[in-house]
Amino acid sequence: MYIQRFDPWNSKLCTCPEKYSLNPYTGCGHRCLYCYATAFIKNFYSPRPKKDFLKKIKKELQKIPEGSLISLSNSSDPYQPLERVYFHTKEFLKLLVKKNYKVLIITKSDLVMRDLEVLKELRCVVSITITTKKYFKALEPGAPSYERRLSAIKTLAKSGILVTARIDPVIPFLNDEEVLEILEEVSPWIKHITTSTYKAKRDSFARLEKVFPERAKLWRELYFKKGEKIEGSWYLPENLRRELLHPLFEKAKELGISIAACREGIKEFEAKGKCDGSFLLDELKE
Ligand code: SF4
């Protein structure tokens, strides 16, 4: 099945609302160093389109109850470079026009603007991941620049599309200072922020320390000596995670924007059922 119930390994830490998940592609060309999906999916950085995509999703969609939330994508980017060639995401979105589904799009690409006219026909929220101004070339080498993502946020918002930002992941001693500036910069255009600290997997950590060797020793100490392993990932010590996220929560409060953390397991940063920003679609209805 290409459209599946979103169930991140039955994680106790997940506060997402009930939703379905669809990845139009296997793997991702954005090649983010911190990507966790590389630990589960073979040849992740050699992305490929899903076979017989349109035929299969047309069939599968008939079984998804109207009113459901469908999220694209949770383990690849629906607007990664392959989408310019295969149009899988666009084809799927077109199937939803005039149907009563809620749609959550999570992307790092301004290619989403190509589909603006389709998006206007849907009950949808677009979440743009925007993590760093300084390091995106090194950290997310296949993804569009900070400026292009910011421009996408503005264009979508000005066109009446609900937009949220994923300021995620926050990596200690890398982007932890600039994330506040990013939050301020996107704040006039967005309705919600999802954030979280970087959780290390062995392979993503190896990529990070290769590209940022000067930070490797410190990160090793923080993650593997002082940190803890939770549900298969290495977490920073809780006090450091609080320190990293607290300023973002304070700033969002000051600006009147809702904010929630993803899989931190820290009560004060949780918003059960509201973490991914899709709740905005329900408020729209009321
Ligand atoms: S855009 Fe998302 S799925 Fe693609 S490489 Fe980056 S983190 Fe992984």
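Every number for a ligand or one of its atoms is a count from 1 in the order of the listing. Numbering starts at 1 and runs along the sequence shown. What you see is a predicted model; the values in this text were computed from it and never measured.
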Hey, can you tell me if Tyr25 and His88 have their rings parallel, tilted or perpendicular (30° and 60° cut-offs)?
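Tyr25 and His88: parallel rings.
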Under the salt bridge (charged side-chain N to carboxylate O under 4.0 Å, His left out) test, residues paired with Arg84 that sit two or more places apart
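Applying salt bridge (charged side-chain N to carboxylate O under 4.0 Å, His left out) to Arg84 gives none.
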Listed protein N/O/S atoms, distance to atom 4 (Fe) of ligand 1 under 2.8 Å:
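The answer is Cys28 SG.
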Just list the side-chain donor-acceptor pairs under 3.5 Å for residues 130-145, sequence neighbours left out, or say none.
residue: Thr131; atom: OG1; partner: Glu140; partner atom: OE2; Å: 3.2
residue: Thr131; atom: OG1; partner: Asp168; partner atom: O; Å: 3.2
residue: Thr132; atom: OG1; partner: Lys134; partner atom: N; Å: 3.2
residue: Thr132; atom: OG1; partner: Tyr135; partner atom: N; Å: 2.8
residue: Thr132; atom: OG1; partner: Glu178; partner atom: OE2; Å: 2.5
residue: Lys133; atom: NZ; partner: Glu181; partner atom: OE2; Å: 2.9
residue: Lys133; atom: NZ; partner: Glu185; partner atom: OE1; Å: 2.8
residue: Tyr135; atom: OH; partner: Arg215; partner atom: NH2; Å: 3.3
residue: Glu140; atom: OE1; partner: Arg149; partner atom: NH1; Å: 3.2
residue: Glu140; atom: OE1; partner: Arg149; partner atom: NH2; Å: 2.7
residue: Glu140; atom: OE2; partner: Tyr34; partner atom: OH; Å: 2.6
residue: Ser145; atom: OG; partner: Arg148; partner atom: N; Å: 3.2

Derivation of the side-chain hydrogen bond (donor to acceptor under 3.5 Å, both in side chains) call for Glu270 and Thr15
CA-CA 7 Å; Glu270 276 180 5; Thr15 51; over 6 Å; no
Tell me, please, which residues at least two apart from Arg48 pass side-chain contact (heavy atoms from CB on, under 4.5 Å).
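Only Thr26, Ile41, Asn43 meet the side-chain contact (heavy atoms from CB on, under 4.5 Å) criterion with Arg48.
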Hey, what do you get for CD (Gln80) to OH (Tyr86), rounding to the nearest 0.5 Å?
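Gln80 CD to Tyr86 OH: 11.0 Å, rounded to 0.5 Å.
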